[in-house]
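Only one structure is covered here, and it is reproduced in the block below.
Order of appearance sets the numbers: ligands from 1, and atoms from 1 within every ligand. These numbers come from a predicted model, not from an experiment.
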Amino acid sequence: MTLLEALDLHVEVGGAEVLRGVSLGVGEAEVHFLMGPNAAGKTTLLSALAGLPRVRVVSGRVLLDGEDVTGLPVVERARRGVALAYQIPPELVGVPLRSLAKLVSGRFGTGAYVEELSRRLRLEHLMGRDSFRGFSGGERKRAELFLVALMRPRLALLDEPDSGVDLDSLWLIADALSFVSEEFGTAMIVVTHTRALIEKVGGTAAHVLCDGRIVYSGAPGSVAGLVEERGFKGLCGEADGAR
Ligand SMILES: Nc1ncnc2c1ncn2[C@@H]1O[C@H](COP(=O)(O)OP(=O)(O)OP(=O)(O)O)[C@@H](O)[C@H]1O
């Protein structure tokens with residue numbers, strides 16, 4: 001059965017329509033990439049799927065395991081295995097990363113993976129420091145992915161897990177995404193602008209969102225190649241012309 005289905009979603013943020021009819025299906029353990037120009041609505045889509053109150057679903061539905069969860073709050077969706085990683089994680093003063101990892105892994109039964117994941121993401125030297133406090137951009141992104149992975153979600157919604165990271169961190173993040181997908185069978189929607197990440201992870205499909213609509217979907221490598229070749233301007237412009 002399809003794990004997650006978005007059906008003709010129309011979503012408003014701050015009174016303006018941002019998503020204008022998005023439909024998307026994600027099966028168990030599938031990895032989907034979401035690409036698109038700035039302000040296309042990628043974060044808004046993840047927020048709507050997670051159930052964040054900052055966005056308002058005007059029409060359309062979100063189904064989880066075939067059940068309509070459109071009206072369910074974020075905690076209820078989290079209980080059903082949906083985890084959302086923000087673009088900018090908050091600093092937690094007085095809470096070392098090790099304690100946070102212990103708390104999360106204890107709750108989700110993933111204690112056996114703390115060491116392996118912290119090693120894969122090269123976080124060992126940060127485990128004693130306050131979570132996210134003074135972390136570099138790359139360290140933040142790696143630490144956040146670490147915590148989301150420890151939740152062993154059924155569906156991870158990852159908003160630019162590679163933003164601002166150097167090439168070494170990019171490979172670590174790609175490796176961790178593949179590991180989590182294979183080891184936990186976690187399905188993912190990953191927002192990214194990075195072709196190298198998509199090619200390294202592989203995955204099921206990539207989608208291009210332009211001005212609140214998905215205009216292209218296909219095999220991850222070929223969609224990423226198309227984006228590089230024609231640019232969002234070309235792709236989004238073409239879709240506009242076809243309407
Ligand atoms: N609170 C708000 N009030 C009004 N407009 C908003 C609000 N939050 C977001 N928007 C608008 O919604 C649109 C989509 O934003 P969103 O963050 O979803 O884009 P995105 O595709 O994730 O962009 P980026 O690649 O830059 O992260 C933007 O035009 C943004 O300015």
Run the contact test for [X] against ligand 1 with a 4.0 Å cut-off on heavy atoms, strictly below, and give the result.
X: G41; value: yes
X: P37; value: yes
X: G36; value: no

Tell me whether R154 is salt-bridged to E28, with the criterion being a basic N under 4.0 Å from an acidic carboxylate O. yes

So, E139 and R142, do they make that salt bridge, N to O below 4.0 Å? no

Go through ligand 1 atom by atom and flag the ones less than 4.0 Å from a non-hydrogen atom of [X].
X: T44; value: 14 (C), 15 (O), 16 (P), 18 (O)
X: N38; value: 23 (O), 24 (P), 25 (O), 26 (O)
X: R54; value: 8 (N), 9 (C)
X: E160; value: 25 (O), 27 (O)
X: H193; value: 25 (O)
X: T43; value: 17 (O), 18 (O), 20 (P), 22 (O)

V18 contact mode with ligand 1 (heavy-atom cut-off under 4.0 Å): side chain

Specify side chain, backbone, both or neither for S47, according to which of its non-hydrogen atoms lie closer than 4.0 Å to ligand 1. neither

Quick note, ring-ring contact (aromatic ring centres under 6.0 Å, His included) partners involving residues 138-183, not counting sequence neighbours, are none

Does a donor on one side chain and an acceptor on the other come within less than 3.5 Å for H32 and T204? no

Among R56, R54, R20, find the residue that satisfies the salt bridge (charged side-chain N to carboxylate O under 4.0 Å, His left out) test when tested with E12. R56

R133 atom CZ, over 12 foreign heavy atoms within 6.0 Å: no

Checking R119 against E115 for the salt bridge (Lys or Arg N to Asp or Glu O under 4.0 Å) test, could you report, in this order, the C-alpha distance in whole Å, the side-chain angles of both residues, the deciding distance, and whether it holds? CA-CA 6 Å; R119 187 180 49 74; E115 204 185 314; 6.0 Å; no

Selection residues 167-183 - residue pairs positive for salt bridge (charged side-chain N to carboxylate O under 4.0 Å, His left out), sequence neighbours left out: R120-D175

